[in-house]
Colleague: 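Got a structure here, written out as structure tokens. Questions coming.
In the text below, chain A, chain B and the rest are named by the order of the sequence lines, each starting its count at 1.
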Amino acid sequence: MPELPEVETIKNELLPWVRGQSFTQVTIFDPKIVFCASTEEFPRNLVAQRVENLERRGKYLIFNLASKQVLIMHLKMTGVLLLNPRTFDSYARAAFSFSNDIQIVFSDRRRLGAIWLAENADAVVGKLGPEPLSDDFTLDALAQLLEKHHIPIKAALIDQNLIAGIGNMYADEILFAAKIHPLRKANALTPQEIQILHRCIREILWSAINSKGASVSTYIRPERQIGTAQLAFKVAHQYGKLCPICGTSIQRVLVRGRGSYFCPNCQPLL
DNA sequence: CTTGGGACCTGGCTGC
DNA sequence: TGCAGCCAGGTCCCAA
């Protein structure tokens with residue numbers, strides 16, 4: 001599932017292909033993917049626009065256009081962006097051609113992905129919490145954010161309005177690394193635990209970016225290489241396997257309806 | 001306002 | 001072997 005490290009990788013690998021280029025053709029195969037504009041207006045409004053920059057905000061990909069409009073994409077669960085695919089599979093939802101003759105295809109098996117063309121990025125991403133890898137995301141910032149919420153720490157980590165970009169699998173890896181049970185209340189963590197959590201958030205995310213993301217489910221990079229972050233997973237998607245630290249069976253518990261994997265010995269509830 | 005749960009979506013898996 | 005039904009989880013929406 002594309003979370004912060006996967007979207008960061010896609011951004012890094014598409015940026016040199018699209019920066020400074022203009023859209024020459026835009027085709028929507030699945031009207032449901034487009035928000036904020038009718039299917040007919042969307043391609044017309046985008047063609048001839050030049051891409052000044054490509055950014056990531058949380059799990060969103062933002063094309064900054066010379067007109068100051070923004071094209072925003074969210075891959076949700078199964079979306080992928082493919083550079084110059086030889087063939088279109090049946091999951092192709094939209095295709096974008098550029099002035100340098102490259103083509104990017106948005107393919108999405110489960111049709112949850114979304115595309116916006118907006119005057120202002122804040123209309124789409126304005127409510128997101130801080131970027132966990134930015135300098136603004138200090139230990140104090142995390143502590144202040146957590147003390148206001150009487151919710152499971154796992155729910156806090158994946159709430160995009162609290163912290164942007166962490167999803168289910170990296171939240172599990174972060175909590176395992178920090179030795180914190182997913183059901184501990186956010187505002188009941190000790191200062192030491194928050195300090196460790198803060199460090200683990202950054203380490204897990206940076207490590208995954210360095211591995212170009214985790215190719216579980218459908219995630220694949222624009223030029224079809226896989227990411228390898230999943231090879232380092234200790235608990236995410238490891239139900240029934242043994243904890244690499246203590247050998248206890250990895251357990252699964254539902255938090256906010258999301259499967260959460262943890263080691264009951266390394267991450268005690270009390 | 002805070003928190004929790006369901007809907008959306010479809011391929012893959014489980015169990016009868 | 002066939003198929004109903006559950007599960008996956010990012011985000012939005014609604015209810016208590």
Colleague: dT11(C) C1' sits how many Å from W116(A) CH2, rounded?
Modeller: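 In whole Å, dT11(C) C1' lies 9 Å from W116(A) CH2.
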Colleague: How many whole angstroms separate atom OH of Y219(A) from atom C1' of dG9(C)?
Modeller: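 To the nearest whole Å, that distance equals 18 Å.
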Colleague: For the atom pair CG (L197(A)) and CD1 (I180(A)), what is the distance rounded to the nearest 0.5 Å?
Modeller: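 Nearest 0.5 Å value for the CG-CD1 distance: 4.5 Å.
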Colleague: Find out whether L189(A) and R184(A) are in side-chain contact, i.e. whether some heavy atom of one side chain is under 4.5 Å from a heavy atom of the other.
Modeller: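 With C-beta onward as the side chain, the pair touches.
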Colleague: Which residues in residues 144-178 of chain A have a heavy atom closer than 4.0 Å to any atom of DNA chain B?
Modeller: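 Those residues whose heavy atoms fall under 4.0 Å from DNA chain B, taken from residues 144-178 of chain A in numerical order, are H149(A), H150(A), I151(A), P152(A).
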Colleague: Over 60° means perpendicular and under 30° means parallel, so tell me whether H198(A) and F137(A) are parallel, tilted or perpendicular.
Modeller: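 Ring orientation of H198(A) relative to F137(A): parallel.
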Colleague: Between E173(A) and K234(A), is the closest basic N to carboxylate O distance under 4.0 Å?
Modeller: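 Here K234(A) does not pair with E173(A) in a salt bridge, since their nearest N and O are not under 4.0 Å apart.
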Colleague: Rounded off to whole Å, could you give me the CG-to-P distance for the L75(A) and dT11(C) pair?
Modeller: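 Going from CG in L75(A) over to P in dT11(C) covers 10 Å.
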Colleague: For the residue pair F233(A) and Y170(A), does the interplanar ring angle fall in the parallel (under 30°), tilted (30 to 60°) or perpendicular (over 60°) class?
Modeller: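 Geometry flag for Y170(A) against F233(A): perpendicular rings.
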Colleague: With a 4.0 Å cut-off on N to O distance, would you call K59(A) and E6(A) a salt bridge?
Modeller: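 Looking at E6(A) together with K59(A), the answer is no, because their closest N to O distance does not fall below 4.0 Å.
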Colleague: Summarise protein proximity over nucleotides 6-15 of chain B in one line of letters, 5' to 3': B for base, S for sugar-phosphate only, - for none, counting protein heavy atoms closer than 4.0 Å.
Modeller: -BBBBS----
Colleague: Has Q21(A) got a side-chain atom pairing as donor or acceptor with N100(A)'s backbone, closer than 3.5 angstrom?
Modeller: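 It does hold such a pair.
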Colleague: Honestly curious: do F88(A) and L75(A) fall in one hydrophobic cluster under the side-chain, below-4.5 Å linking rule?
Modeller: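 F88(A) and L75(A): separate clusters.
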Colleague: Could you say whether G259(A) or V124(A) is positioned toward the 5' end of DNA chain C, judged by the nucleotide with the nearest heavy atom to each?
Modeller: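 First, find each residue's nearest nucleotide; the 5'-ward one identifies G259(A).
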Colleague: E3(A) CD to dG9(C) C1': how many Å, rounded?
Modeller: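 For the pair E3(A) CD and dG9(C) C1', the rounded distance is 9 Å.
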Colleague: In whole angstroms, how far is the C1' atom of dG10(C) from the CG atom of L61(A)?
Modeller: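 Interatomic distance, CG of L61(A) to C1' of dG10(C): 16 Å.
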Colleague: Measure NZ/K127(A) against C1'/dC1(B) and give the value in whole Å, please.
Modeller: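 Roughly 13 Å, once rounded to whole Å.
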